[in-house]
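Written below as structure tokens is the structure these notes are about.
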Amino acid sequence: MSDTPKFYITTPIYYVNARPHIGHAYTTVVADAIARRKRALGFETWLLTGTDEHGQKIERSARAAGQTPQEFADVVSSQFRGLWDRMGLSYDDYIRTTEGRHRKGAQKLFLELQQRGFIYKGSYTGQYCVSDELYVDAPPGSPCPDCGRITETVSEENYFFKLSAFERKLLELYEKHPEFVRPEARRNEVISFVRGGLKDLSISRTSFNWGIPVPGDEKHVIYVWMDALANYITALGYGSDLPQDRERFARFWPADLQIIGKEISRFHCVYWPAFLMAAGLPLPKSVVAHGWLLFEQSKMSKSRGNIVRAETIVETLGADALRYFLMREVVFGQDGSFSFDALVQRYNADLANGYGNLVSRTLAMINRYFDGLVPAGEADPRIAAAAETAARDFAQHFDALDFSRALESLWALVAAVDGYITDKAPWKLAASQDPAARTLLASILYTCSEALRIITALVYPVLPDAAARIWAQLGLGDIARADLKEVRWGQLAPETKLGESGPIFPRAEKDTVERMNELEKSNTGQSAEAEATSEAAVLTSVPAQPEPAPQPTLEAANQTAGIAGKAPAALTSAASLGTVSPAPDPAARPATITIDDFAKVELRVGQVQVAEPVKGADRLLRLEVNLGDEVRQIVAGIAGAYEPEKLIGRKVVIVANLQPRKLRGLESNGMIVAASVGEKGKPVLAGFLEDVEVGARLK
């Protein structure tokens, strides 16, 4: 047996009656973040998710869709797995209840309970909710207490499980191990339900056949909830004769943490432990029920028509944006509200303007002032102390499943470092010739980069993609291979060579909410590529809008304002679509401006670090331009005149205070100054004969 500590965590398996939405994503993201943190701390971790594919509801849904139940289940299960893969979730196994391994294990559990005397045959007449696959103790015509749908009266021969025999044992479990059901509100609900008296539970059906046959009596199928709950052990190898499966089961069971939605607490906290007790198997250490994710003040559901697809957010802002919002905005265990407005506000405030901007500022200054090498310097004791406090508080809150407070404590460090930079103004020290100023500059930037390393190491389970890219930009290689067991101050080696810089969280524009709403409305299920093509087609059909009149001193640049700048999605003039306007008639030039008007334009020297074509736009290039104290993404309509690779390292003139705009789905923060030459208006970049410092302002 390995000396390495183990950690087994599960999500519920999701019912394949409809495509996944962000409520499903919430549960799975939380489980993934916990699993990632456990792996980082050195635990041998196993994360299980999957789909629940049997039952009368699936049989009826498949019939309505003109498919067999297996065909129907295959399609929806693939949608779940495809979304989890697209989001980069790190599950170790994906179980389907239609798999042979599960069928074998579920039948073994049934036989074990039967052989131990906890199953007997009888008959059932009463109410049943097909939607929730739930027996309801109520008169005919009663609504389901969970979903409100009218129940159906069923009368059939069944096998029963002696649930009533476990009433006292379950109450003792809740009393001796209060951590078994969390949070306290859910535990109190479960205790109240059990104290109200437990009746024996029907665990087979004969009125349909889409399920796992009862061994030895195949006109019966195993009750879908007994079938589904067994997945937590069948996925580990319960019921298998293979040595490797037996070893896995012995290694990982019992589960350390099972995460569920609060609406299925009864099944997981009453039926599941009773089945396990009856089978002589260990119980999970803890079942944690989170609240609902509310949209339009009600739980998301297909019937209400208030579903929000995770794909909409992933396509617009990325998976990390959704992960961060769900874990920061929603207090785990309580109901939480979701809206696109709240998502964008949180993204811009915490990720684009907060963490992302801090990374950009710090690394740009190290590149500029120390040739991309982390300087050797004395750490500021205040920031070092703040980092140690943040690391301690983050670990304490995260491990207690209080993710919102964990991230709040970490973002307090982000704000402290950002304020530290503003207070110390390292760019002023860099302009000084005093050796003491140089020493202080090195200490400031070492302090900032080390704080960034700590923030990134801690936030990795929540923002795996962004953290991996920032880790690489810090010159630390692959974060997945890093030793993150003990994150403490002083582990960043001076003279570490930074990696290639690039934007992490581009700011979300004003039209982001509108675009997400439109994606939700369309909801055609087409591929991301097809949606991108459709969006491009819409862009080209919008009537052209008038462009602002050019200023004489920026005449050439303004001819390509829609290209080098960033046009909103609705602004699709010929220039914004990549067509350069011809040079203006000199006689048509606007009136002169004052020096005060010109002074409003901030011109700076930038150096191109990255240049690449924009997919689907022949004339556009995406550039990353270093302005000395930050790196900007700029979309420029110069592809017809310049090869991307020949622009790397070139110094250009940037309009730095131009309002950010959107073009082809990319944010452009600034505009490159270029002349418009010849009849076809060929863009020619403004430049310098002398060597000019990056970031210098033009006057």
Side-chain angles (χ1 to χ4, degrees), residues 6-13 46 48-50 52 54 93 95 97 101-120 133 135 159-182 186-187 190-191 193-194 198-204 212 214-215 222-240 245-260 264-289:
K6 69 91 179 175
F7 189 81
Y8 178 36
I9 180 171
T10 70
T11 73
I13 51 174
W46 198 264
L48 174 68
T49 190
D52 177 6
H54 288 136
D93 195 3
I95 185 75
T97 57
R101 58 171 174 157
H102 175 75
R103 172 174 170 158
K104 186 175 182 180
Q107 289 180 324
K108 174 180 171 59
L109 179 62
F110 190 99
L111 284 174
E112 187 70 32
L113 299 182
Q114 192 174 44
Q115 291 167 4
R116 287 170 173 259
F118 292 106
I119 290 179
Y120 63 91
E133 302 286 5
Y135 292 98
Y159 284 94
F160 284 81
F161 172 70
K162 294 180 180 179
L163 182 64
S164 58
F166 293 89
E167 184 175 318
R168 180 180 57 81
K169 292 181 178 179
L170 287 169
L171 290 173
E172 289 176 354
L173 169 67
Y174 308 143
E175 181 180 354
K176 293 180 179 179
H177 300 282
E179 74 284 356
F180 178 77
V181 184
R182 293 186 285 169
R186 302 285 87 77
R187 182 169 64 254
V190 168
I191 290 173
F193 175 78
V194 176
L198 294 179
K199 296 181 179 180
D200 290 352
L201 178 68
S202 172
I203 56 169
S204 75
I212 296 176
V214 169
I222 298 174
Y223 173 43
V224 66
W225 269 106
M226 184 178 188
D227 166 1
L229 289 165
N231 92 90
Y232 303 124
I233 54 177
T234 64
L236 290 179
Y238 179 83
S240 173
D245 291 339
R246 291 174 175 269
E247 289 174 8
R248 188 187 311 113
F249 181 76
R251 170 65 172 149
F252 285 103
W253 189 258
D256 295 274
L257 183 61
Q258 299 202 258
I259 298 179
I260 62 171
I264 53 176
S265 297
R266 181 193 312 175
F267 304 100
H268 284 80
C269 303
V270 179
Y271 301 167
W272 180 225
F275 292 155
L276 293 170
M277 288 176 182
L281 294 172
L283 304 186
K285 295 178 182 178
S286 186
V287 179
V288 177

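Values reported hereafter were calculated over all heavy atoms of this structure, with side chains retained and with hydrogens, waters and symmetry mates removed. Nothing here was measured: the structure is a model prediction, and the numbers come from that model.
The shortest distance between side-chain heavy atoms of Gln114 and Leu111 falls below 4.5 Å. Considering only heavy atoms from C-beta on, Lys108 stays 4.5 Å or farther from Thr234 through its side chain. The closest side-chain heavy-atom distance from Pro273 to Leu170 is below 4.5 Å. Side-chain contact between Pro178 and Arg187 is present, with heavy atoms from C-beta onward closer than 4.5 Å. Two residues are said to be in side-chain contact when any heavy atoms from C-beta on lie closer than 4.5 Å; Tyr174 and Val270 meet this criterion. Two residues are said to be in side-chain contact when any heavy atoms from C-beta on lie closer than 4.5 Å; Pro284 and Trp253 meet this criterion. In this structure the side chain of Trp225 never reaches within 4.5 angstrom of the side chain of Asp52, judged on heavy atoms. Side-chain contact between Leu281 and Phe275: absent, with no pair of heavy atoms (C-beta onward) separated by less than 4.5 Å.
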message: Determine whether Leu171 and Ile191 satisfy the following criterion, side chain to side chain contact (heavy atoms under 4.5 Å, CB included), listing intermediate values before the conclusion.
response: CA-CA 7 Å; Leu171 290 173; Ile191 290 173; 4.2 Å; yes

- prompt: Could you go step by step and tell me if Leu109 and Met226 meet the side chain to side chain contact (heavy atoms under 4.5 Å, CB included) rule?
  reply: CA-CA 9 Å; Leu109 179 62; Met226 184 178 188; 4.2 Å; yes

query: After noting the C-alpha distance and the side-chain angles of Phe193 and Leu198, does the key distance pass the side chain to side chain contact (heavy atoms under 4.5 Å, CB included) rule?
result: CA-CA 8 Å; Phe193 175 78; Leu198 294 179; 3.7 Å; yes

Verdict with supporting geometry, Arg186 and Val287, side chain to side chain contact (heavy atoms under 4.5 Å, CB included): CA-CA 10 Å; Arg186 302 285 87 77; Val287 179; over 6 Å; no

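Under the side chain to side chain donor-acceptor pair (under 3.5 Å) criterion, His268 pairs with Tyr232, sequence neighbours left out. Listed by chain and residue number, Gln107, Ile212, Pro213 satisfy the side chain to side chain contact (heavy atoms under 4.5 Å, CB included) test with Arg103 (two or more places apart in sequence, or in another chain). Applying the side chain to side chain contact (heavy atoms under 4.5 Å, CB included) rule to Lys169 yields the partners Phe166, Met277; only residues at least two apart in sequence or on another chain are considered.
Between the Lys162 side chain and the Ala278 main chain, no donor and acceptor come within less than 3.5 Å of each other.
Test Thr11, Ile9, Asn231, Ile13 against Leu48 for side chain to side chain contact (heavy atoms under 4.5 Å, CB included) and you get one pass: Asn231. Of the residues Tyr135, Phe161, Tyr159, the one that meets the ring-ring contact (aromatic ring centres under 6.0 Å, His included) test with Tyr223 is Tyr135.
Looking at every heavy atom in both residues, Pro12 comes nearest to Thr49 through O-OG1, 4.3 Å. Scanning all heavy atoms of the two residues, the minimum distance from Phe110 to Pro215 falls at CD2-CD, 4.1 Å. Here the closest heavy-atom approach between residue Leu113 and residue Ala279 is recorded as CD2-N, 3.5 Å.
The OH atom of Tyr8 lies 9.0 Å from the CH2 atom of Trp46; values are rounded to the nearest 0.5 Å. In this structure, Phe160 CZ and Lys199 NZ are separated by 11.0 Å, a value rounded to the nearest 0.5 Å. Taken to the nearest 0.5 Å, the CD1 atom of Ile119 stands 9.0 Å off from the OG atom of Ser204. Note that CG of Leu283 is 10.0 Å distant from CD of Gln258, once rounded to the nearest 0.5 Å. Going from atom CG of Leu201 over to atom CZ of Phe267 covers 9.0 Å, rounded to the nearest 0.5 Å. For the atom pair Phe252 CZ and Asp93 CG, the distance stands at 11.0 Å (nearest 0.5 Å).
Using modelled atom types, one finds a donor on one side chain and an acceptor on the other under 3.5 Å when comparing Arg182 with Ser286. For the 3.5 Å distance criterion, the side chains of His102 and Thr97 fail to qualify, holding no donor opposite an acceptor.
Around CD of Glu175, the count of heavy atoms belonging to other residues, nucleotides or ligands within 6.0 Å does not exceed 12.
For Lys104 and Asp245, the salt-bridge test fails: no basic side-chain N is under 4.0 Å from an acidic carboxylate O.
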